[in-house]
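Down below is the structure, laid out as structure tokens.
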Amino acid sequence: MASVTSTGRRRRRPIALSALRGFEAAARLLSFTLAAGELNLTQSSISRQIATLERQVGRPLFLRHTRALELTAAGARLYASVRQALVGIDRTVDELRGAGGPPRVSVATYASFASLWLVPRLAAFQKAHPEIEIRIDAADRMVDLEVEDIDVALRWLRPDAAVGDADLLVEEEATPALSQRLLESSGVHALQPSDLAALPFLELDDSIPGARQFSWSRWFEFAGVPQLRPCGRLHFTYIDQMVQAAVRGQGAAIVRTPFLDDLLASGELIAPFPQLRMPTGGRYVMVVNPRRAQLPHVKTFREWVLDEIRRGPQRLT
């Protein structure tokens, strides 16, 4: 219901502005859990904020899949507006704070890279540099660092894309990987690639950019193996969903570096044919906003990422 101002004008029904920060984080990270962690709230608090906002807007903002979120058309439209508004507000607040506010590094990257590589390592960064705040923009899109006021972008490049002035992080390779418990429960020995046909294949939907570069068909071609007909297939629209399904023992997946190395080192997955790592031509790079590159906290974060890449796989302790 509209309200009436002191001048007699009718004002459109307001919404709870307090929920917009939670909505923006959830839409950016596509995860209530990650949004709650970023905002130091509980997951249930974020869920309640989103539910309240959806009631006030009158439309669903998210499609809630098993272990995954997806923006609806209305949610994507609202996110674009809210994101732009909050970027402007945050920029103004940073300017007002001046040197008195905590330094913050805004990082744009793909959702899969954020959840599988970056986020698991951030606790170590925050322990070493508690004075620096990190803000993650995890969305599967290219961003204009200067326009959107982003400090650092961690990107995957197609084989034909130029690296330019970016830091080269990883030359991508891919190979089949699966959980040890899947092998044990299925009775498959995986002595040769053709043995994998007895297992379900986990793979990305063909609509995903770059999916062809690390598909089962391309790996079979690389390994010199005839195309196999597996006992079943599961298709995914997010890399991290596919990887987590492999960890849970739901099938075998073609897993890429650098995620592959962490998962092998932790024992969550095994690679039955480690000698058959297929170069995909893809690369992960780090791009730094030239207007922000010389800021001490941005330089610190850049050097930390490069050190983590040089250090190699993260092992469970």
Side-chain angles (χ1 to χ4, degrees), residues 17-54 57 60-87 89-91 104-126 132-145 148-156 204 208-209 236-245 247 258-259 262 284 286-287 301 305 308 314:
L17 297 181
S18 60
L20 294 182
R21 184 71 73 175
F23 166 72
E24 188 275 340
R28 173 165 41 85
L29 298 170
L30 291 178
S31 168
F32 290 168
T33 300
L34 293 179
E38 180 177 286
L39 299 176
N40 292 318
L41 298 173
T42 63
Q43 182 178 350
S44 60
S45 295
I46 294 293
S47 297
R48 286 195 298 271
Q49 287 185 0
I50 301 304
T52 298
L53 191 58
E54 288 178 324
V57 170
L61 302 174
F62 292 96
L63 296 176
R64 294 159 173 83
H65 305 297
T66 303
R67 301 177 63 85
L69 288 178
E70 180 183 353
L71 284 168
T72 63
R77 185 176 176 184
L78 181 61
Y79 173 57
S81 178
V82 169
R83 173 180 169 76
Q84 183 178 6
L86 290 180
V87 165
I89 291 170
D90 289 343
R91 183 186 297 120
R104 172 186 291 180
V105 180
S106 55
V107 183
T109 189
Y110 297 107
S112 58
F113 197 89
S115 62
L116 293 174
W117 192 90
L118 180 58
V119 171
R121 288 169 163 80
L122 279 182
F125 177 84
Q126 293 175 321
I132 299 177
E133 296 181 354
I134 301 294
R135 181 179 185 275
I136 301 174
D137 183 347
D140 292 342
R141 64 184 181 88
M142 296 291 283
V143 298
D144 186 316
L145 273 63
E148 300 191 40
D149 206 31
I150 300 293
D151 297 313
V152 176
L154 303 171
R155 293 174 173 164
W156 180 83
L204 286 179
I208 306 304
F236 298 84
T237 54
Y238 293 98
I239 294 172
D240 50 339
Q241 291 177 3
M242 181 183 71
V243 168
Q244 291 305 316
V247 170
F259 320 133
D262 283 354
Y284 282 94
M286 176 166 54
V287 184
F301 182 80
V305 171
E308 286 296 313
Q314 184 183 60

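Under the 3.5 Å distance criterion, with hydrogens and angles disregarded, no donor-acceptor pair is assigned to the side chains of S112 and D240.
The structure places CG of L78 at 4.0 Å from CZ of F23, a figure rounded to the nearest 0.5 Å. With values rounded to the nearest 0.5 angstrom, R64 atom CZ is found 12.0 Å from E70 atom CD. Note that the CG atom of L29 and the CD atom of E24 stand 8.0 Å from one another [nearest 0.5 Å]. Between the CG atom in N40 and the OG atom in S45 there is a gap of 11.5 Å [rounded to 0.5 Å]. For the atom pair F259 CZ and M242 CE, the distance stands at 9.5 Å (nearest 0.5 Å). The CZ atom of R121 lies 4.0 Å from the CG atom of D262; values are rounded to the nearest 0.5 Å.
Distance alone, capped at 3.5 Å, places no donor-acceptor pair between the Q43 side chain and the F32 backbone.
Residues Y238 and L30 are in side-chain contact: their nearest non-hydrogen atoms beyond the backbone lie under 4.5 Å apart. When side chains are defined from C-beta on, F113 counts as touching Y284, because their heavy atoms get closer than 4.5 Å. Taking 4.5 Å as the limit, every side-chain heavy atom of R77 sits out of range of all side-chain heavy atoms of S81. In this structure, F301 and D151 have side chains that are not in contact, with every pair of non-hydrogen atoms separated by 4.5 Å or more.
When all heavy atoms are compared, the tightest approach of V107 to L154 is CG1-CD1, 4.1 Å. Considering all non-hydrogen atoms of both residues, L145 and A153 come closest at CD1-CB, 3.7 Å. Considering all non-hydrogen atoms of both residues, I239 and L116 come closest at CG2-CD1, 4.3 Å. Contact between A27 and L71 at its shortest, heavy atoms only, is CB-CD2, 3.8 Å. Heavy atoms only, all atoms of each residue included: P120 and A114 are closest at CD-O, 3.9 Å. In terms of heavy atoms, P60 sits closest to T72 at O-OG1, 2.8 Å.
Crowding of Q84 atom CD: a count of heavy atoms from other residues, nucleotides or ligands under 6.0 Å not exceeding 12.
Centroid-to-centroid, the aromatic rings of F62 and Y79 stay 6.0 Å apart or farther.
With I134 as the partner, the side-chain contact (heavy atoms from CB on, under 4.5 Å) test is satisfied by one option alone out of L118, V119, L122, V152: L122.
A salt bridge does not link E38 to R104: none of the charged side-chain nitrogens sits closer than 4.0 Å to a carboxylate oxygen.
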